[in-house]
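What follows is a set of notes on a single structure, which appears directly below.
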Amino acid sequence: MTDTPENAKTYDPKAIEGALFSKWLEAGYFRRDAAGYADMSLDPFTIVIPPPNVTGLLHMGHALNNSLQDMQIRKARMQKRPTRWITGTDHAGIATQNRVEAKLASEGLTRFDLGREAFVEACWEWRELYGRTIIEQLKLMGCSCDYEAEQFTMDEGYNRAIRKVFVDWYHAGLVYRGLRIINWCPRCTTALADDEVNHIDRDTHLWYIRYPLLEPVDNISYVVVATTRPETMLGDSGVAVNPDDPRYSALLKAGAQVRLPLTDRIVPIVADEFVDSEFGTGAVKVTPAHDPNDFELGQKHNLEQINIFTPEAVVNETGGRFAGLSRDDAREAVVAALEDLGLIDHIDEYSHSVGCCYRCDTIIEPWASEQWFVSMQQLAAPAIEAAKDGRISFHPARWQKVYFHWMDNIRDWCISRQLWWGHRIPVFYCDDCGWVDASEQDIEICPACGATVRQDEDVLDTWFSSQLWPFATVGWPDDPNAMEELSRNYPTQVLSTARDIIFLWVARMIMSSMYFLDNTVPFTDVFLHPTVLDRFGNIMSKSRGNGVDPTDLIDLFGADVMRFGLAAQVTGIQDIKFDQDKLDVYRNFTTKIFNASRFVFMNLDDFDNDGDRVIPEPVTAADSNILSKLATLTEFLNDEQNHFEFGAQSRALYSFFWNEFCDWYIEFAKSQLADPATRRSTQKNLVYVLDIALRLLHPSMPFITEDIWLRLPHGDQIPSLVVADWPKTEDLAIYADAQAERSIDLLIAVVTALRSTRARYQISPRTALPVVINATGQNAAEDVIILDKLSNQLNAMANYLDISIGIDVVKPEQSVMVLADGLEIHIVLAGLIDFDAERTRLVKEFEARKKEIERLQNKLNNEGFITKAAADVVQKSRDDLERLISENVGLQAKIMELQ
RNA sequence: GGGCGUUUGGCGCAGUGGGAGCGCGCUUCCUUCACACGGAAGAGGUCGCUGGUUCAAAUCCAGUAACGCCCACCA
C-alpha cells in the first residue's frame, strides 16, 4: 500500500515521536512547575530514577521500569501536582573500571601502564560517551525526566555528600577499619561486599586426605580430613574435630599434633562445637587465611593465619615448590603430590555452591585483609521500624518480608574497594607520627607533626554513593537550596526498581536517609517491578545472548507500543516472559486508536464548537452508555488501590477503547451521524469521549495520544496533552447511567442473536428478515419499551424486515428462536433453512438448561444454603432458576412446534 | 538447610469464596464508505494432584509433585 500521510491507515511513530519530544522539552513541561501549568499548592510527586550504570546501554528492565515511572509522573503532572523525576547516572565503580580495562586490554594495555590519573581520565571519557547515550535512550522512550538538572554520582556536590557521610560515620564509630576475611575477586583484585557475590552450584570433588600424626596414638597414625580445596592445605594451621566425637577423644586427650604433608608444618588438633561430626570424617582442616569459618576457628584457638596467595590468587613464596602456580594448577599439583605420598584416602563426587564475582564471574577467594566496614545494626533498627509502622510500604507487599529477613540478619558492610574509579576514601595517614583521621577537606600536612600525609589508596563501594541518591541529588548537604527542597519535596513518593537490589540499594537508602535526615524516610512506597525474561522464561543476559535492545523495539514499533506492551504485562505476581511478537497486539492497538480517531475527524467537517470546551450531549441510549462506561473506566484508573496494577489499568484502557468505543459506539454513531436530529450531539460525544480517552491513555502512550489530541477540536485551550487536565472521577460520575447500560445490553443481545443466526445458516446480511421479540424476563414490560425506542439503532445494526416487540406476542411460523437476556427472539426463516437442524440445536440448548435447572434446584433445596448464604446470593439463584424454567418452557414449545 | 513464587483451553496470561475470562493461534463467513495491524460468528478448559474447612472452593487451609527465584559460613 502506498499511503500518503492524508489517507494513511496505519500510525507511523517515527514521523512524530522525535518532534513531539523536542517540543515538550523546549516548553519546559518536565520541570516541577510544568512550565507554569502545575498547581504548586498541591502535594508534590517526586520520583528518583534508579540511576543506570554508565557501563553500557539500557536493557529491557530499564525499559519496563522507566515506562512505569513515566506513567506515574505523567499522570501526576496532568493532575497538576508539582512533579519532578530526578534523573542521572551512576559511575558504577567496579563495572565501569572493568569495561575500561577491557578496552585497554584490546589495545594491549593495562591500567598500570596508564597510571592512576590517566586511567581515571579514561573512565571519565567512557562516562561522557555512555552517560550521554543513556540519557538519549530515556528520551527515545518518552521519559519525562527533569533533564535540565541531570545528576551523576561523581558530581562535585555529590562528592561532598559522600565525604560528609563517611566522615560523620567515622567519627560516630560507625565506619571502622579491620582485618577480616572478605570476598576477594582475584581478577578485579578488589574486595567485594557479601551481597556482591553470587553463589553458583558447581560439580567438583571432595578429597579425603590423610594427615599423619606427629606420634601415633593408640595405633592411630593419621587423621583423614575432607576438603573441596586441597590446595589450601598449604596454608593449614590446624585440624578441628567436635569435642564430643568419640573417634577423636583419644587424640584430643593425648594432645596429638599433625605433621602437615608437603610443608612438614606441625599443627595442633583442636576441639570445636562448630565441627559437624556427620560430615566427611568429622575432622576438618583449618585454613584461617582462606576460609571464613576457619578464620573464626583460628581466632578462637589462636591458630596462625598463613596467607598462601598473591592478590591474583597465585600461590606465593609460602607455598614452597608450588609457588607461582594458579589456584587451579596448584590444586592439581598438590593432589598429585599427595597421591605420590599415598596420602589421598579417597575422592568423592561432590556438588556445592561456589562464590563468584557479580561483575566478572571469577571465583571469589576468601582473603584475610584490612578493609573498611560500616557497622550496620544501629542503622538498621530505625529502617526496620519505618517499614513496620507503614511509613514505607512495599508493592507487592510480600517483598516486605524479604526486606525484614535481610535487615534482621544484617552484617557489617565492607565498603573499601581496591579500585581506581570511584570516590577515594577520605582518610589521611601520617606515617611519621601515626596520626590518622577522616576529613571532609583534603589534608596535606599532618596537624600533629607537620609531616606530609597520604590519603587512603582505596575507593568506596559504588553502593556507598548510590545510597545517598534521593538526597544528594538535591544538593544535600551544602547547596543553599537543599534544605528548602528537602523540606517541601521529601520524602519522595515512589521508588521503583528491580528486586535484586532491595539490599544493595533500597535498604541502604532508607538507612542513610533516616540517619542523616532526622529519621525521614527517602520514599513512602517501594515498587518492585517484575523481571523481564526471554520468551522461554530464562533470565536475559549477555552470556546467553538472549537480550532484547529496547531501542530496536522503539525502532520497529515505536515507544508507545513498547511502553504499553510492557505495562500491560505487569501483574504483580508473575515475571514477564517477553516475546517481541506479542507487541504486534499493541501495535494493532495503536492502529485502532489511529483509525478510530480518523473516523471521528472524517465526520467533523461541519462541526463547530465555537471555541468552547466540548461537553457531551447524551441523546440516545448509546450516547449515555458510552459516557457511563467512560465514567467507570475513569473511576477504575483513579482508584488508589489500582495505583501499581499497571496490567489491570492497561487492560481496562484497551477493552474500553476497542470493545466499548470502537466495536459499539462508533458503529452506533454511524447511523446517528446520518440523522440530522442527532448529528451534532453525536459529534460532540465522539469528540468528548475521544478527548477523555486520549487523556487516560496519555501516561502510557504519550506520543500517539498527543498527536491526535492536538488535532482534535475539543476546545481545550491548553497547548499540550502533557499538561492537560487528568479526568477526575467526580467529573465523570454524573454520566453514570445504569439504565442506558441495560438498554445497550439488550440491544447488543438482540443484534448478536440475529448475527449469529445468520452466521449459523449462512444467510447474507443483505437478506432482511422478519423478527418477533417476545419479552419474558422479570422486567419484560420495561424491556419492551426500551427496545421500541431503540428500533432505529436496531435496524442499523442488524438488517431486519419488520419487527414486533411485546409480551405474549404471537410467535411466527417457520421461524427459529434465540434466547437472550430475557428475550425470545423469533426470526422468520421460511424457505431459507432446514428446520430439523434447528430443532436439534434447540434440544441441545434445552438439555443444557435442564442440567443447570437441576443444579439450582438442589442448591435451593439445601437448608444450609438458604439459611447461611447471603440473601442476595440466594435471590440470584432463585431469579436464575425462574428465568431458566421460563426459557425452557419456551424452548419446549418451540421444539414441539418443529416436530 | 530456610524462604518466596508459579502450575487455569495449543501458546502467553487475567481472575482470590457463589455464573470459568482475555490476547494470540484455530474454524466459518465478510474486502461497503475508520481500521484486513480489520469486522462478524464459532470451536476449545472436570482451573497440577490428594485431603480438609464451608451450604458453596479455580479461589481458603494442610500435604504432595514439577518448574523458577532468593537467602544461608553445605569443610
Side-chain angles (χ1 to χ4, degrees), chain A residues 9-11 181 194-195 199 201 206-207 225-229 232 240 274-276 279-287 291-297 350-353 355 366 396 398-399 401-402 405-406 409 411 499-500 502-503 531 533 535 537-539 568-569 571 573-579 581-582 584-603 647-648 651 654-655 659 662-663 666-667 669-670 751-752 755-760 762-766 798 852 855-856 858-860 862-870 872-874 876-877 880:
Chain A
K9 291 179 177 179
T10 54
Y11 161 67
I181 282 269
D194 292 331
D195 42 18
H199 293 271
D201 280 335
L206 199 54
W207 285 269
V225 297
T227 180
T228 53
R229 299 201 58 195
T232 62
F274 167 79
V275 179
D276 176 7
F279 189 91
T281 59
V284 55
K285 62 194 270 310
V286 183
T287 322
D291 182 279
N293 295 317
D294 295 6
F295 182 83
E296 270 180 46
L297 271 178
Y350 193 66
S351 172
H352 73 143
S353 76
R398 73 190 125 95
W399 294 108
K401 260 201 276 185
V402 177
H405 182 255
W406 190 75
N409 297 289
R411 295 158 59 188
R499 57 176 174 261
D500 55 357
I502 293 177
F503 313 135
T531 304
L533 308 169
R535 69 196 167 104
N538 299 309
I539 287 168
Q569 292 176 73
T571 69
I573 304 281
Q574 305 238 53
D575 285 336
I576 296 174
K577 282 187 200 168
F578 182 79
D579 184 347
D581 294 343
K582 280 185 195 165
D584 283 344
V585 174
Y586 304 103
R587 166 160 51 195
N588 296 352
F589 186 43
T590 56
T591 307
K592 196 72 178 174
I593 294 170
F594 181 78
N595 281 298
S597 306
R598 217 159 58 91
F599 171 82
V600 174
F601 289 123
M602 287 167 70
N603 287 284
R651 267 176 270 127
Y654 182 96
S655 74
N659 303 123
C662 294
D663 287 350
I666 285 185
E667 293 309 316
K670 286 173 183 172
V751 169
T752 304
R755 285 176 180 169
S756 63
T757 301
R758 285 181 195 279
R760 187 175 304 116
Q762 309 219 329
I763 296 161
S764 158
R766 293 191 190 83
E852 186 63 16
R855 197 181 68 82
L856 283 170
N858 287 338
K859 202 170 170 183
L860 288 162
N862 183 334
E863 188 71 19
F865 177 69
I866 302 295
T867 53
K868 292 186 181 170
D872 59 325
V873 174
V874 176
K876 189 179 175 312
S877 293
D880 285 349

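Given the structure is predicted, the values throughout are model-derived calculations rather than measurements. Numbered from 1 within each chain, the chains take letters A, B, ... in sequence-line order. Only this structure's heavy atoms are used, side chains among them; waters, hydrogens and symmetry mates stay out.
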- Task: Please work out if Arg651(A) contacts a base, only the sugar-phosphate, or nothing of the nucleic acid, heavy-atom cut-off 4.0 Å.
- Result: sugar-phosphate

- Task: For residues Thr10(A) and Phe594(A), report the shortest heavy-atom separation together with the two atoms involved.
- Result: O-CE2, 3.6 Å

- In what stems does RNA chain B take part, counting only runs of at least 3 consecutive Watson-Crick or G-U pairs whose two distances fall under 3.5 Å? B:1-7 with B:65-71, B:10-13 with B:21-24, B:26-30 with B:38-42, B:48-52 with B:60-64

- Go through C69(B), G18(B), A34(B) for me and flag the one nearest to the Arg499(A) side chain. C69(B)

- Query: With respect to Ser877(A), which candidate in Ile866(A), Asp872(A), Leu856(A) satisfies the side-chain contact (heavy atoms from CB on, under 4.5 Å) definition?
  - Reply: Leu856(A)

- Query: When you compare G9(B) with G15(B), how far apart are their P atoms, in angstrom units rounded to a whole number?
  - Reply: 15 Å

- Task: Measure the distance from CG on Leu856(A) to C1' on G19(B) and round it to the nearest whole Å.
- Result: 9 Å

- Query: Looking only at side-chain N and O atoms, does Lys9(A) come under 4.0 Å of OP1 or OP2 in C35(B)?
  - Reply: yes

- Whole-angstrom distance between G23(B) and G39(B), as gauged at atom P: 10 Å

- Query: Given atom CD1 of Ile763(A) and atom P of A41(B), what is their separation to the nearest angstrom?
  - Reply: 15 Å

- Message: Strictly distance-based, threshold 3.5 Å: is any side-chain N or O of Asn603(A) a donor or acceptor partner for the main-chain N or O of Phe599(A)?
- Response: yes

- Nearest heavy-atom approach of Ile181(A) to Pro366(A) is CG2-CB, 4.0 Å

- Query: His405(A) NE2 to C71(B) C1': how many Å, rounded?
  - Reply: 6 Å

- Query: Between G12(B) atom P and Asp584(A) atom CG, what is the distance in whole Å?
  - Reply: 17 Å

- Relative to the ring of Phe589(A), is the ring of Tyr654(A) parallel (under 30°), tilted (30 to 60°) or perpendicular (over 60°)? tilted

- Message: Rounding to an integer number of angstrom, what distance separates U54(B) and C61(B) when you compare their P atoms?
- Response: 16 Å

- Message: Can you give me the closest heavy-atom contact between Ile593(A) and Ser597(A), atom names plus distance?
- Response: O-OG, 2.7 Å

- If you find the nucleotide of RNA chain B closest to Asn595(A) and the one closest to Ile539(A), which residue's nucleotide is nearer the 5' end? Asn595(A)

- Query: Between G18(B) and U31(B), how far is it from one P atom to the other, in whole Å?
  - Reply: 44 Å

- Task: Could you pull out the closest heavy-atom pair between Asp294(A) and Thr287(A), with the gap in Å?
- Result: OD2-N, 2.7 Å

- Task: Could you list the residues that satisfy side-chain contact (heavy atoms from CB on, under 4.5 Å) with Asp194(A), not counting sequence neighbours?
- Result: Asn183(A), Arg411(A)

- Item | Asn595(A) and Arg598(A) side chains, donor-acceptor separation under 3.5 Å | yes

- Drop me the distance from Arg855(A)'s CZ to Leu860(A)'s CG, to the nearest 0.5 angstrom. 10.0 Å

Polar pairs (N or O, both sides) under 3.5 Å between protein and nucleotides 73-75 of chain B?
| from | atom 1 | to | atom 2 | distance (Å) |
| --- | --- | --- | --- | --- |
| C73(B) | OP1 | Arg411(A) | NH1 | 2.3 |
| C73(B) | O2' | Asn293(A) | OD1 | 3.3 |
| C73(B) | O2' | Asn293(A) | ND2 | 2.3 |
| C73(B) | N1 | Asn293(A) | OD1 | 3.4 |
| C73(B) | O2 | Asn293(A) | OD1 | 2.4 |
| C74(B) | O2' | Tyr350(A) | OH | 3.0 |
| C74(B) | N4 | Ser353(A) | OG | 3.4 |
| A75(B) | OP2 | His352(A) | ND1 | 3.4 |
| A75(B) | O3' | Thr228(A) | OG1 | 3.1 |
| A75(B) | N6 | Asp276(A) | N | 3.3 |
| A75(B) | N6 | Asp276(A) | O | 2.6 |
| A75(B) | N1 | Asp276(A) | N | 3.4 |

- Message: Tell me every residue that passes ring-ring contact (aromatic ring centres under 6.0 Å, His included) with His405(A), counting only those two or more places apart in sequence or in another chain.
- Response: none

- Where protein sits on nucleotides 24-32 of chain B, one letter per nucleotide: B base, S sugar-phosphate only, - none, heavy atoms under 4.0 Å: ----S----

- Message: With rounding to the closest Å, how many angstrom separate the P atoms on G12(B) and G25(B)?
- Response: 15 Å

- Taking atom P in both U59(B) and U46(B), compute the distance separating them and give it to the nearest angstrom. 16 Å

- Item | Greater than 12 external heavy atoms within 6.0 Å of Glu296(A)'s CD | no

- Expressed in whole Å, how much space separates the P atoms belonging to A20(B) and C4(B)? 31 Å

- Message: Under 4.0 Å from OP1 or OP2 of A14(B): is there any side-chain N or O of Thr571(A) that close?
- Response: yes

- Task: Identify whether any heavy atom of Ala870(A) sits under 4.0 Å from a base atom; if not, whether one sits that close to sugar-phosphate; answer base, sugar-phosphate or nothing.
- Result: base

- Query: Within this structure, what is the CD1-to-P distance between Ile576(A) and C13(B), rounded to whole angstrom?
  - Reply: 10 Å

- Task: Using a cut-off of strictly less than 4.0 Å, decide whether Lys592(A) has a side-chain nitrogen or oxygen near OP1 or OP2 of A36(B).
- Result: no

- Query: Taking side chain as C-beta onward, heavy atoms only, is Leu533(A) less than 4.5 Å from Ile539(A)?
  - Reply: yes

All N/O contacts under 3.5 Å from nucleotides 3-11 of chain B to the protein, with atom names and distances to one decimal?
| from | atom 1 | to | atom 2 | distance (Å) |
| --- | --- | --- | --- | --- |
| C4(B) | OP1 | Lys401(A) | NZ | 3.4 |

- Task: Rounded off to whole Å, could you give me the CD-to-C1' distance for the Glu667(A) and C35(B) pair?
- Result: 10 Å

- Assess whether salt bridge (Lys or Arg N to Asp or Glu O under 4.0 Å) is satisfied between Arg499(A) and Asp575(A), documenting all intermediate values. CA-CA 11 Å; Arg499(A) 57 176 174 261; Asp575(A) 285 336; 2.7 Å; yes

- Query: Please give, in whole Å, the distance from U54(B) P to Glu863(A) CD?
  - Reply: 17 Å

- Closest approach of Leu206(A) and Tyr350(A), non-hydrogen atoms and distance? N-CB, 3.7 Å

- Round to the nearest Å and state the distance from Arg760(A) atom CZ to A40(B) atom P. 17 Å

- Item | Sugar-phosphate, base or nothing in reach of Lys577(A), heavy atoms under 4.0 Å | sugar-phosphate

- Task: Taking all heavy atoms of Lys285(A) and all of Arg229(A), pick out the closest pair and write down the distance.
- Result: NZ-O, 3.9 Å

- Could you give the distance separating C29(B) and U6(B) at their C1' atoms, to the nearest angstrom? 40 Å

- Which residue lies more 5' along RNA chain B, comparing Ala869(A) with Val751(A) via nearest heavy atoms: Ala869(A)

